[in-house]
Amino acid sequence: MTVTELVSYEDALATYDPVMGLEVHVELGTKTKMFCGCSTELGAPANSQTCPTCLGLPGALPVVNEIGIESAIKIGLALNCEIAEWCRFARKNYFYPDMPKNFQTSQYDEPIAFNGYLDVQLEDGEIFRVQIERAHMEEDTGKSLHVGGATGRIHGASHSLLDYNRAGIPLIEIVTKPIEGAGARAPEVAKAYVAELRELIKALDVSEARMEQGQMRCDVNLSLRPHGRELFGTRSETKNVNSLRSVERAARYEIMRHAAVLNAGGTIVQETRHFHEEDGSTTAGRIKDNAEDYRYFPEPDLVPVAPARDWVEELRQGLPELPRLRRKRLREEWTVSEHDMQSMLNAGAIDPIVATIAEGADAASARKWWMGELARNANESGRDLGSLPVTPAQVARVSALVKEGSLNDKLARQVFEGVLAGEGGPDEVVEKRGLKVVSDEGALGTAVDEAIAANAGIADKIRSGKVAAAGALVGAVMKTTRGQADAARVRELILERLAPKE
């Protein structure tokens, strides 16, 4: 089905109720893998961070990563889950070229955390509770690189390469219960949930949760059912969606696609789907297996996990300030409205703003730049704010240059343009582009005199007492100086020359 055949979103919601399930994989920030001592550091040469255990060689035995278990418990506690007194790992059997053991060590019917919830706030302030079914521990697979095609996918590729450095990286998979009752706001709920979950994961310091780097990715399960029907429809699963914006777009697209198929008398296929960033569409992947097709059975090489209750309580007491409480505190410190704070959350700007303040900027200017010029750039480029090539330290430096009078707002926007284009840091861009404010009295005086001479009528109005007309002359000076004049000083010079004497 092509994009042009989709049912409109409004028409889809007029007939059907969406039901979602969100599965979020979080890559833990441990130094070693989940079941061996290999490094998890990014950027190493292919297959250089492997050993007999993570390559699944005969006779190699796994040992569970204690920090991985601790991180899983922290996540479960922060999600208001029950923590299992006893659980164990299982083997999830299926063949993929990038999975060297031909099974994934995961958890099946005995997860470490279960029966939780996460309250998320929507753009209008409404709180929506998302029920958590489970959070369980598992390992990541390796990485396939398909070479020779135009899309980077296996179709059309001439050959594939395999890198097992990622095989065995610790993951926590967080699975929601079916999300019902969101109606037309289902895509917004999906985005808000993943955003809140990302904030929580970062607050716990168990992962950087950088979606653009694959450290956190979401599978969007979606089905439709006619209004008034209780039985769920057949679901599709859009895999590995890696930005907040894309989570929302994937859910919205699948609602329209499902409705089009059902309206045409077709049948939804239970399958995985690929999301395409360029147009927000999805395409079919593979037929989706049911749990029994994976032939789960308990992992015989790992002992059960039985976290002591006093340890669990110690971890509970050590949880950091959680995101909703933190936002409340920051809102009071920054004296902003609930709506403004929600806008910052939606934009992914809270952490960058906090980091910019830590670099020396005041709260107002940090908010101004992240929620203004930088948010605009992120929207236009279709990226998350945190993935822009600008650092909080650089934003704080631009803020300092404006505060000391070396830049005005117009010039500052040009500096950010240069930084984002890879021309260097703020000072380097200022130097290369010649963007400093013109504050030399002689140069300003000459520019003011030229503007007065070229606009005699306006000058006469100012002499007659119409001081507001000075704005036109200020604009003329700013134009001739390419926006680099100190506007306040220009106005002062104009009035010194033209204002009526008392």
Side-chain angles (χ1 to χ4, degrees), residues 27 29 41-46 143 145 147 150-152 163 165 195 198 202 207-217 240-246 249 275-280 344 346-362 365-438 481-484:
E27 183 180 295
E41 187 174 351
L42 290 174
K143 182 178 181 180
L145 179 65
V147 183
T151 64
D163 179 6
N165 280 350
R198 184 178 66 174
K202 290 163 68 176
S207 171
E208 292 182 354
R210 297 179 66 89
M211 297 188 73
E212 72 279 4
Q213 293 184 2
Q215 295 172 343
M216 179 172 169
R217 49 195 188 267
N240 296 327
V241 185
N242 64 356
S243 77
L244 300 180
R245 178 171 177 264
S246 296
R249 294 171 75 203
F275 179 75
H276 301 282
E277 293 280 355
E278 59 273 13
D279 61 4
M344 286 182 264
N346 294 338
I350 293 177
D351 281 345
I353 290 171
V354 170
T356 302
I357 294 171
E359 293 287 348
D362 62 86
S365 63
R367 294 197 309 273
K368 169 184 172 181
W369 294 117
W370 283 107
M371 291 300 293
E373 183 66 15
L374 296 172
R376 180 192 61 76
N377 186 281
N379 288 334
E380 290 178 354
S381 60
R383 291 185 287 185
D384 288 337
L385 198 60
S387 66
L388 292 179
V390 61
T391 67
Q394 290 171 332
V395 177
R397 179 56 183 159
V398 172
S399 176
L401 290 171
V402 172
K403 188 173 182 179
E404 71 186 29
S406 297
L407 295 176
N408 55 32
D409 283 1
K410 180 179 179 180
L411 296 176
R413 286 191 287 271
Q414 294 180 53
V415 172
F416 280 123
E417 179 184 278
V419 172
L420 293 169
E423 297 174 17
D427 292 289
E428 191 175 357
V429 172
V430 168
E431 186 66 29
K432 286 180 178 179
R433 295 194 175 194
L435 295 178
K436 278 195 174 182
V437 165
V438 177
T481 61
R482 296 184 303 135
Q484 292 180 243

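Note that the structure is a prediction, hence the values are computed from the model and not measured.
Looking only at side-chain heavy atoms (C-beta outward), V419 and R397 stay at 4.5 Å or farther from each other. Taking 4.5 Å as the limit, every side-chain heavy atom of P389 sits out of range of all side-chain heavy atoms of Q394. The closest side-chain heavy-atom distance from W369 to V402 is below 4.5 Å. For the pair E423/E428, no side-chain contact is recorded, criterion being any heavy-atom separation below 4.5 Å from C-beta on. For the pair L388 and L420, the minimum side-chain heavy-atom distance is below 4.5 Å. Using a 4.5 Å heavy-atom threshold, the side chains of R383 and N377 count as touching. Taking the side chain as every heavy atom from C-beta outward, V395 and I353 never approach each other to under 4.5 Å. Under the 4.5 Å side-chain criterion, counting only non-hydrogen atoms from C-beta, E277 is in contact with N242.
The nearest pair of heavy atoms linking D163 to N165 is OD1-N, 3.0 Å. Contact detail for A209 and M216: the closest heavy-atom pair is CB-SD, 3.9 Å. V429 and G424 make their closest contact through CG2-O, 3.7 Å (heavy atoms, listed as atom of the first residue, atom of the second, distance). Scanning all heavy atoms of the two residues, the minimum distance from A366 to I357 falls at CB-CG1, 4.0 Å. Among all heavy-atom pairs drawn from R198 and L244, the shortest one is NH2-CD1, 3.3 Å. The two residues A349 and L385 come nearest to each other via the heavy atoms CB-CD2, 3.5 Å.
S387 and D384 share no side-chain donor-acceptor pair at under 3.5 Å.
Within 6.0 Å of the CD atom in E359, the count of heavy atoms belonging to other residues, nucleotides or ligands exceeds 12. The environment of NZ in K143 is sparse: at most 12 heavy-atom neighbours from other residues, nucleotides or ligands sit within 6.0 Å. For K432, the NZ atom sits in a packed shell: over 12 heavy atoms of surrounding residues, nucleotides or ligands are nearer than 6.0 Å. The 12-atom threshold is not exceeded at CD of E41, counting heavy atoms of other residues, nucleotides or ligands nearer than 6.0 Å.
Note that the CG atom of L42 and the CD atom of E208 stand 8.5 Å from one another [nearest 0.5 Å]. Once rounded to the nearest 0.5 Å, the distance linking CG of N408 with CZ of R413 reads 8.0 Å.
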Inset, instruction - Evaluate the criterion side-chain hydrogen bond (donor to acceptor under 3.5 Å, both in side chains) for residue pair T356 and W370; output intermediate values, then yes/no. - result: CA-CA 9 Å; T356 302; W370 283 107; 2.7 Å; yes
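When atom types are taken as modelled, the side chain of N240 and the backbone of R217 share no donor-acceptor pair closer than 3.5 angstrom.
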